[in-house]
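Proteins come first, then strands; the chains are lettered A, B, ... in the order of their sequence lines, and each starts at number 1. Note that the coordinates shown come from a computational prediction; the quantities given were computed from them, not determined experimentally.
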Amino acid sequence: MAAPLLPAAFVDLEPYAATWCLATEAERWNQRLRSSMDELQAFYQASFPRADDAIAYCDRFALKDMPDDAERLLQLVLSLILVSFAVEVWRQPEVIHRGSARIDRTQEPRP
Amino acid sequence: MTTPRDSWTQRHPELGTGPVSFEDSISPEFYRLECDAIFKRAWLNVGRVEELPKDGSYFTKEIPPAKASVIVTRGTDGRTRAFHNVCRHRGNKLVWDGTPRDEARGIARQLVCKYHGWRYGLDGGCRYVHQEDQFFDLDKTRLGLVPVHCDTWAGFVFVNLAPTPPQSLREYLGSMVGALESYPFHEMTECYAFRAENRSNWKIFMDAFQEYYHVPPLHTQQLGPGRLQNPEAEFEAAHYQTDGPHRMVTSSSPAKHEIPSKYLYPSEVLFRSGNLGPWDAPDVARDVPGVNPGRADHWAIDNFQIFPNLEILIYERGWYLAYRYWPTSHDTHVFEGYLSFVPARTARERAAREYAAVLFKEYALQDAGTLDGTQMGLEARACAEFPLSDQEILVRHFHKSVGDWVDAYRRERDTRTPDGGAL
Ligand code: FES
Ligand SMILES: [Fe+2]
């Protein structure tokens with residue numbers, strides 16, 4: 001088995017880490033749109049109840065000086081935020097009435 | 001026949017109440033006039049001072065309606081200047097990354113032309129000509145970069161492409177916008193930037209952010225989860241104001257953290273964030289002059305539309321959004337959006353800001369999704385005129401302001417004698 005990506009306390013989220021620990025919004029957005037609703041639901045259901053603990057864990061470190069596994073945990077939380085719109089708001093991966101529009105995020109803080 | 005009582009529109013008799021033609025958004029000829037009348041004469045926001053963090057910093061900005069590119073520099077003397085991004089030797093675009101159509105930024109002592117290696121200081125002066133002795137009567141002191149008028153206000157960098165702008169930047173911004181001068185924009189340096197290439201006239205997208213009439217039908221999901229819509233939800237704006245070609249609208253809303261959570265999405269509650277921004281506001285930007293000029297109760301957002309193509313939205317929760325719309329033809333434009341926050345200190349703050357930034361894009365995609373449909377509908381010329389409600393007063397004001405600038409330009413052009421002017 002590959003080395004774990006997340007801190008040991010979040011081993012339950014490890015099955016989602018390879019897919020959703022993504023550093024940029026562009027990657028997270030693409031991942032959401034190529035996922036099925038079942039996949040999004042599964043990730044949401046697993047990560048939503050753990051998000052508060054995950055943030056508290058990350059906040060044991062300075063935001064700009066986190067160990068790699070904590071930073072990946074934060075990336076997972078940021079993915080949950082993006083996926084929450086598909087699950088809670090649109091009930092589909094795509095924005096309703098997006099038409100042909102496309103908006104790119106060109107700058108963002110890291111992490 | 002209906003007429004709204006005590007209407008905002010009727011308090012602005014110059015706007016009228018009649019139907020409006022959107023010919024200004026579909027006519028290539030009008031677009032050419034608009035480029036000359038507005039984008040070559042108005043003060044245009046091209047960035048923020050934070051984008052020039054050090055002496056020697058520079059960035060370039062494309063201004064397609066003027067077919068111009070400008071370089072904005074911070075010289076070794078700390079001064080901010082702007083120049084046409086054009087090499088004096090044979091006109092090559094001086095600074096670019098990737099392709100000449102891409103904007104560039106960086107820090108440099110000198111700007112070097114990729115073609116024959118001429119060099120310029122950040123003050124625009126020509127510093128080096130390769131094989132200078134091969135030229136005839138060449139005077140380097142007269143071959144500096146062509147300056148562009150440049151000034152800053154509240155940390156926003158503006159340029160003006162006119163040879164002699166008739167108004168200083170302060171005069172141009174007027175008292176309503178100028179009153180925001182002391183707003184702590186400089187504290188809000190954590191930026192989430194967005195860019196879109198849209199298939200409509202630039203004004204059509206600006207219109208979508210000037211009225212809230214469209215919110216319940218288009219952004220139904222913003223009203224709350226499922227059918228549980230908050231009966232307190234209020235989408236009629238609390239205040240409208242205009243000042244010359246500039247305009248603003250205030251919206252009011254109960255604070256999100258005071259709304260029962262059954263009316264909110266679970267992730268709004270989890271991340272303590274939403275369409276008004278992170279619930280937990282930083283301790284800046286309290287009681288700043290110029291904000292909420294109508295003294296509305298439950299003030300939530302001020303949306304200032306600064307002529308021609310800048311919009312600044314100031315949120316009660318201590319952050320701001322800036323939009324810029326750059327026409328690229330009569331039926332296309334580039335949209336730029338910037339969410340700016342006091343930098344997050346913790347993962348929790350970072351997540352709350354991320355939620356607001358994600359939400360912005362989700363709903364802006366709905367707005368942008370209507371654009372090509374509206375452009376196609378207007379271009380069908382099936383209807384000569386369209387009715388506007390009282391809530392769309394700023395759409396009325398915007399198109400009138402554009403028309404006024406174009407008319408003024410036409411009058412000036414037509415009264416110039418054939419041999420008396422540049423045209
Ligand atoms: S065009 Fe720039 S050096 Fe020749
Ligand atoms: Fe909208």
Side-chain angles (χ1 to χ4, degrees), chain A residues 24-26 28-29 32-33 44-45 47-66 70-71 73-111, chain B residues 51 103 189-200 205 217-222 224-226 264-268 270-273 335-339 341 343-373:
Chain A
T24 66
E25 185 267 355
R28 298 191 287 270
W29 182 268
R32 170 172 132 189
L33 287 195
Y44 176 88
Q45 257 140 34
S47 59
F48 187 95
R50 301 285 279 133
D52 202 56
D53 287 346
I55 292 171
Y57 180 90
C58 292
D59 275 337
R60 288 160 42 183
F61 310 98
L63 179 60
K64 299 289 173 190
D65 193 21
M66 273 194 249
E71 187 164 331
L73 185 63
L74 179 56
Q75 290 170 359
L76 200 81
V77 170
L78 302 183
S79 286
L80 167 64
I81 290 171
L82 195 70
V83 168
S84 81
F85 281 84
V87 172
E88 298 176 1
V89 180
W90 314 121
R91 297 157 194 260
Q92 60 177 40
E94 222 353 321
V95 174
I96 292 176
H97 297 325
R98 180 179 68 88
S100 64
R102 177 194 166 122
I103 299 176
D104 295 322
R105 193 189 280 193
T106 53
Q107 185 191 330
E108 61 194 341
R110 295 276 190 96
Chain B
E51 296 172 70
E103 292 170 353
T189 54
E190 185 169 284
C191 182
Y192 297 70
F194 294 87
R195 184 177 189 278
E197 293 178 14
N198 293 324
R199 293 196 289 177
S200 82
F205 204 24
L218 179 64
H219 307 304
T220 317
Q221 300 81 4
Q222 213 172 71
L264 300 170
Y265 290 105
S267 291
E268 288 183 272
L270 174 62
F271 295 107
R272 299 181 59 76
S273 189
F335 167 80
E336 298 169 332
Y338 304 85
L339 288 82
F341 302 96
R345 295 159 303 181
T346 63
R348 198 169 294 280
E349 289 181 349
R350 172 71 177 85
R353 285 155 176 70
E354 180 74 18
Y355 191 89
V358 166
L359 183 146
F360 161 78
K361 172 168 161 174
E362 303 279 330
Y363 289 107
L365 277 168
Q366 291 191 316
D367 292 306
T370 64
L371 290 174
D372 42 353

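Here A:Thr106 contributes atom OG1 and B:Phe194 contributes atom CZ; the two are 8.0 Å apart, rounded to the nearest 0.5 Å. Separating the CG atom in B:Leu270 from the CD1 atom in A:Ile81 is a distance of 8.0 Å, to the nearest 0.5 Å. If you take CZ on A:Arg102 and NZ on B:Lys361, they are separated by 7.5 Å, rounding to the nearest 0.5 Å. The distance from atom OH of B:Tyr355 to atom CG of A:Leu82, rounded to the nearest 0.5 Å, is 11.0 Å.
Per-residue heavy-atom pair counts under 4.5 Å with chain A were compared for B:Ala368, B:Pro266, B:Pro343, and the maximum is reached by B:Pro266. Of all the listed residues (B:Ser273, B:Gly337, B:Cys191), the one sharing the greatest number of non-hydrogen pairs under 4.5 Å with chain A is B:Cys191. When A:Gly99, A:Ala54, A:Pro111 are compared by the number of non-hydrogen pairs under 4.5 Å with chain B, A:Pro111 comes out ahead. Per-residue heavy-atom pair counts under 4.5 Å with chain A were compared for B:Asp372, B:Leu218, B:Leu359, and the maximum is reached by B:Leu359. Of all the listed residues (A:Glu25, A:Glu108, A:Gln107), the one sharing the greatest number of non-hydrogen pairs under 4.5 Å with chain B is A:Gln107.
Within 6.0 Å of CZ in B:Arg199 there are 12 or fewer heavy atoms belonging to other residues, nucleotides or ligands. By the 6.0 Å contact criterion, CD on A:Glu94 is enclosed, its count of non-hydrogen atoms from other residues, nucleotides or ligands being greater than 12.
Relative orientation of the B:Tyr363 and A:Phe85 rings is perpendicular, given thresholds of 30° and 60° on the angle between their planes.
Interface residue B:Arg345: only backbone heavy atoms are found under 4.5 Å from chain A. Heavy atoms closer than 4.5 Å to chain B are found in both the backbone and the side chain of A:Ile96. The part of B:Phe271 that comes within reach of chain A is its side chain, from C-beta onward, which places non-hydrogen atoms under 4.5 angstrom from that chain. At a 4.5 Å heavy-atom cutoff, the contact between A:Arg105 and chain B is made by backbone and side-chain atoms alike. For A:Leu74, the part sitting under 4.5 Å from any heavy atom of chain B is the side chain, from C-beta outward, and nothing else. If you measure heavy-atom distances from B:Gln366 to chain A, the contacts under 4.5 Å come from both the backbone and the side chain.
The backbone N or O of B:Ser267 sits less than 3.5 Å from a side-chain atom of A:Glu88, completing a donor-acceptor pair.
For the pair B:Ala351 and A:Val77, the tightest heavy-atom approach, listed with the atom from each and the gap, is CB-CG1, 4.5 Å.
By the 4.0 Å N-to-carboxylate-O rule, B:Glu362 lies close enough to A:Arg32 to be salt-bridged with it.
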Begin with the C-alpha distance, continue with both residues' side-chain angles, and end with the deciding distance and a verdict on side chain to side chain contact (heavy atoms under 4.5 Å, CB included) for A:His97 and B:Thr370. CA-CA 8 Å; A:His97 297 325; B:Thr370 64; over 6 Å; no

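Listed by chain and number, the residues in a side chain to side chain contact (heavy atoms under 4.5 Å, CB included) with A:Asp59 are A:Ile55, B:Thr346, B:Ala347, B:Arg348 (sequence neighbours excluded). Shown here are the side chain to side chain contact (heavy atoms under 4.5 Å, CB included) partners of A:Ala70, two or more places apart in sequence or in another chain: A:Tyr57, A:Phe61, A:Met66, A:Pro67.
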